[in-house]
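Heads up: the structure comes next, in structure tokens.
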Amino acid sequence: MDYNFKEIEENWQKIWDKEGFFRVDSGSSKPKFYLLEMFPYPSGKIHMGHVRNYTIGDVFARYKIMQGFNVMHPMGFDAFGQPAENAAIKNKADPRIWTLKCIEDMRAELKKMGFSYDWKREVSTCLPDYYKWNQWIFLKMFERGLAYKRSANVNWCPDCQTTLANEEVIDGNCWRCKKEVIQKELEQWFLKITDYKQRLLEDLDKLIYWPERVVTMQKNWLGKSEGVEIYFKFKDSAKTISVFTTRVDTIFGATYVVLAPEHPLLKDIIKGKPQEKQVLEFIKQAGKKTKIVRTSADVKKEGIFSGAFAINPVNNEEIPIWVADYVLMEYGSGAIMAVPAHDQRDFLFAKEHKLAIKIVIQEAGKNQKAEDLSQAYEGDGKQVNSAQFDGLSNQEAKIKIAQWMEETSIGKRREHWRLRDWLISRQRFWGTPIPVIYCKKCGIVPVPEDDLPVELPKKAPFTGTGGSPLAKVESFVNVACPNPKCKSPARRETDTMATFFDSSWYFLRYCSPDSKGAIFNKEDADYWMPVDQYIGGIEHAVLHLLYSRFFTKFLNDLGLINFDEPFQKLLTQGMVLKDGEVMSKSRGNIVDPDGMIKEFGADALRLYILFAAPPEDQMEWSQQGVTGADRFLKRVQRFLEKVLLIQEKASELVNAAGSDNEKILKRKTEQTIKKVTEDIEAFKFNTAIASIMELVNEFYRLSEKIENYTFLEKVVRKVILLLSPFAPHIAEEMWERLGNSESILKAKWPGFDPELIKEDSINYVIQINGKVRSKVQVPSDISEEELKKTVLEDDKTKAWIAGKEVKKFIVVAGRLVNIVI
RNA sequence: GGGCGAGUGGUGGAAUGGUAUACACGUUGGACUUAAAAUCCAAUGGUCGCAAGGCCGUAAGGGUUCGACUCCCUUCUCGCCCACCA
């Protein structure tokens, strides 16, 4: 009696949609719950990663609905980006039409999974209704100096013909096309996220329900380090250079200084030196190298003596200034002090170029000599060769030296951050136009708020070469200066925004997606926000999640919202693998969810993907696993039919209430309700499903021996309720079959009776010296004395301890006893 | 190089310091069937043994404990993130 999942699933999806079960509004007396999954890029097809992400979310949404929460569960599309533009170039298609078609296809696929979305709240970032507010946020940032333009050496992908954020450069390659990234000097728009670094760091402490791992990754990304900025004078020049160090305790061991080839003072200090020509050549060569070559750790450290000397301010020693390409201009001041005795990288460089090595920290109990060192000593110890600081522990010296340096103005305590400002300019068509105009007389003029949105032109030449198609649309580019007193001919900015901008606040738009006069309706945002549970991939641990936190703080500063962290709880789901590798188009190991739905139905697919692994772990795809889930659903359905069959005969049956088997099944049912409830709360869906399976198995074993229809029917009802978040369509069908006229979504999540869970008797394990030797069945309310007596009377136990002295008798209540002999 | 995490049957995976391998897949056997599929039932870590049962077993080695997959130390392997970061 195979169930017709296709018919069932279509039918219930239609009913949910028609009855508007998932449509919610903010005027409810129920407690609110905002459940959000990361919205997809509309590629046209959902993949298993989406199925996994959204199924995890859907189970929780349905569970919360049944618990009586007012659950907002929205879905939308992160619809700007390069694939649409690439498709436009390749197929001469309009990226707008291409994207909207993809959205339509994807929405249909998502609906086939039976997800509980409030589709009335759907948001697409590529629609002017939405990106108008991107522009609005940009203008607000511009007003406050948080959006600014400057020339910068930027990461440039020659293949995509665009700039990339630091975050988008992975191992020196473009995150999207994987091609090598080069450096290019361009005028670019930046967001001053660094103004928020302190708050972004401090508020990580508020995120107690985020995975530790994500918090750590963000901490590392912000990269706060504390140290001292030290000023070095030149031997024959009035200028000074500053270096930053976290190890000021090693300052007396600084034997040379290294500058980055791009250091602005370098050309000055080599002027007239015999080395000048060689150094200039070195600078030229370094400029040619790509960042990948310069930053790969195993490349030999190239360097050259500049001919100039610096004065170590702590002891007035003259130390040579070197130039090396391993020092980066972008980090710190582009200059470092080198302490070869206590920094391994400096040590290797000093050995290579025969530079002095001076020990200033001795490891406890050792008396190392510089010439004997085979590697740098980076650990703690006592100061030596450090003038008045000799004899202090280096940790103490760190503080004292810093203080002394501040008093004598040779240095200053400083903190240093790794976080850079966020580059948002893209030389692309398919994104939000940056709303500024360049006027020869007025300079950079923001587009007046009333003129928003700046819409993308309907047509543009997509050639794939020579930069942005937007720049070639005359009607877009040529405008009058918005300054009413000027109005002279001006040019529009043709850069568009990085798509991470779009996704940094979409969760707010869901609260009032149709809001016309404002970015969102404040009352709605106050009601729904913050997001109670956010679910998405770990790959967004830094980028999207950091940017969203930044935007939230900014909007909070504008007074638009009254909270400053957007996501209360975060779950990062693991990746879907096939044959041990990440499922991806480029690897060609994709399993199409749509095919699975056709073959097994959405319920079986959902059940399998949750059962195969805990949500946070990676999961290995297995076709046989889906078969297993399908088999289980059929088994549940047969069990329903079996009960209904008993019902037909029920009138003939004697009500055999209270039999032992009934008691056992009753207890198992209550235990399962407890277990499933706790497991869902903890996102342990795999074990939740396993325990439902156990209950069903127990039912099969015992139902033959139970003729109490009323009781069996109750068990069935509970199993269906427990199963409904996981396999909602078949649950609805069976629920109706049981004679319920209302959707199972209107039913209450079952509770359990703690009294009924308790076992009458307990199987005590008897260990002897920690090894399991026997078991005894005893009443659960047995006293320790009684238990001891029973155990010692057990035959096997007697045999094991015969002739031995019992040294200890350990009782672990409800579990085991351990006899030490 | 740094940080985080993980290593359990043939496979995916269970186990508040307390019966290691729940649940499922696969495999094998049985029932049903003319037959097959489906279904239902049973077995299934290794090893020795006719059996009762013993011994070994959670990457390797050590430690703490009456008792360790779980805690601590050392080593190995894999994954992810960061990385000439001063």
Side-chain angles (χ1 to χ4, degrees), chain A residues 1-2 170-171 211-221 223 225 227 229-230 243-247 250 258 260 294-302 324-328 330-339 343-346 348-349 378 416-418 538-539 541-542 574-575 577 580 582 607-608 611-614 616-629 631-632 634-635 638 684 686-694 696-697 700-701 704 763-775 796 807-821:
Chain A
M1 132 227 350
D2 278 5
I170 294 148
D171 291 333
E212 190 58 45
R213 183 153 86 106
V214 175
V215 171
T216 309
M217 279 163 77
Q218 292 215 353
K219 239 174 225 168
N220 291 342
W221 193 264
S225 60
E229 190 175 48
I230 306 170
V243 303
F244 177 78
T245 180
T246 53
R247 289 293 306 271
T250 65
V258 191
R294 275 186 63 176
T295 55
S296 62
D298 30 64
V299 157
K300 202 167 98 182
K301 316 281 176 256
E302 299 275 1
D325 57 7
Y326 75 85
V327 176
L328 304 174
E330 300 98 80
Y331 192 85
S333 59
I336 62 159
M337 66 173 205
V339 186
D343 180 283
Q344 181 63 13
R345 196 186 44 194
D346 294 344
L348 292 174
F349 192 82
E378 296 180 338
H416 190 269
W417 296 72
R418 212 191 72 107
I538 186 75
E539 66 273 20
V542 177
M575 290 199 262
L577 311 182
V582 176
L607 197 69
Y608 163 67
F611 181 63
E616 293 195 79
D617 291 5
Q618 50 180 234
M619 69 159 282
E620 174 72 30
W621 177 262
S622 148
Q623 180 84 14
Q624 281 169 337
V626 191
T627 319
R631 202 182 287 170
F632 173 68
K634 286 174 181 159
R635 190 167 152 92
R638 272 193 302 276
K684 287 158 76 178
N686 55 331
T687 47
I689 294 167
S691 68
I692 300 174
M693 287 173 170
E694 278 185 61
V696 172
N697 289 346
Y700 269 78
R701 273 191 288 272
E704 292 295 327
N763 226 343
Y764 266 89
V765 166
I766 302 174
Q767 291 187 341
I768 290 165
N769 288 348
K771 294 205 168 198
V772 179
R773 294 303 182 193
S774 183
K775 284 164 196 174
K796 278 192 199 157
K807 287 185 187 160
K808 256 188 195 173
F809 196 98
I810 296 155
V811 178
V812 182
R815 284 192 183 269
L816 55 71
V817 298
N818 189 12
I819 304 171
V820 185
I821 52 173

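Remark: B:rA31 base-pairs with B:rU39. Criterion, Watson-Crick or G-U wobble with two distances under 3.5 Å. B:rU11: Watson-Crick or G-U partner is B:rA24, with both key distances under 3.5 Å. B:rC71 and B:rG63 make up a base pair, with Watson-Crick or G-U wobble contacts both under 3.5 Å. Nucleotide B:rC4: paired with B:rG79 (Watson-Crick or G-U wobble, both distances less than 3.5 Å).
In this structure, B:rG9 shows a glycosidic angle within 90 degrees of zero, which is the syn conformation.
Each of B:rU16, B:rA83, B:rC23 was ranked by its minimum atom distance to the side chain of A:Arg418; first place goes to B:rA83. Candidate nucleotides B:rC41, B:rA86, B:rC23 were compared by shortest atom distance to the side chain of A:Arg635, and B:rC41 ranks first. Minimum atom distance to the side chain of A:Leu816 is reached by B:rU19, of the listed B:rU19, B:rA86, B:rA24. When the nucleotides B:rC66, B:rC23, B:rU19 are ranked by their closest atom to the side chain of A:Met693, B:rC23 comes out on top.
Proximity of the aromatic rings of A:Phe632 and A:Phe611 is defined here by a centroid distance below 6.0 angstrom, and this criterion is not met.
Applying the 4.0 Å criterion to OP1 and OP2 of B:rC85, one finds that A:Arg345 has a side-chain N or O inside that range. Of the side-chain N and O atoms in A:Arg631, none sit less than 4.0 angstrom from OP1 or OP2 of B:rC23.
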Could you list the protein-to-nucleotides 56-59 of chain B atom pairs, N/O on both sides, closer than 3.5 Å?
from: B:rC56; atom 1: OP2; to: A:Lys771; atom 2: NZ; distance (Å): 2.8

Nucleotide N/O of nucleotides 3-8 of chain B paired with protein N/O under 3.5 Å:
none

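No donor-acceptor pair under 3.5 Å is formed between the side chain of A:Tyr764 and the backbone N or O of A:Lys775.
A cation-pi arrangement is present between A:Arg635 and A:Tyr700 under the rule of less than 6.0 angstrom and at most 45 degrees off the ring axis.
Judged by atom type and distance alone, A:Lys775 reaches the base of B:rU19 through a side-chain donor-acceptor pair under 3.5 Å.
Residues A:Lys808 and A:Phe611 each lie close to RNA chain B; by heavy-atom proximity, the contact nearer the 5' end of the strand is made by A:Phe611. Both A:Asn697 and A:Glu620 lie close to RNA chain B; mapped to their nearest nucleotides by heavy-atom distance, the more 5′-ward contact belongs to A:Glu620.
Nucleotides B:rC48 and B:rA38, compared at atom P, are 35 Å apart to the nearest Å.
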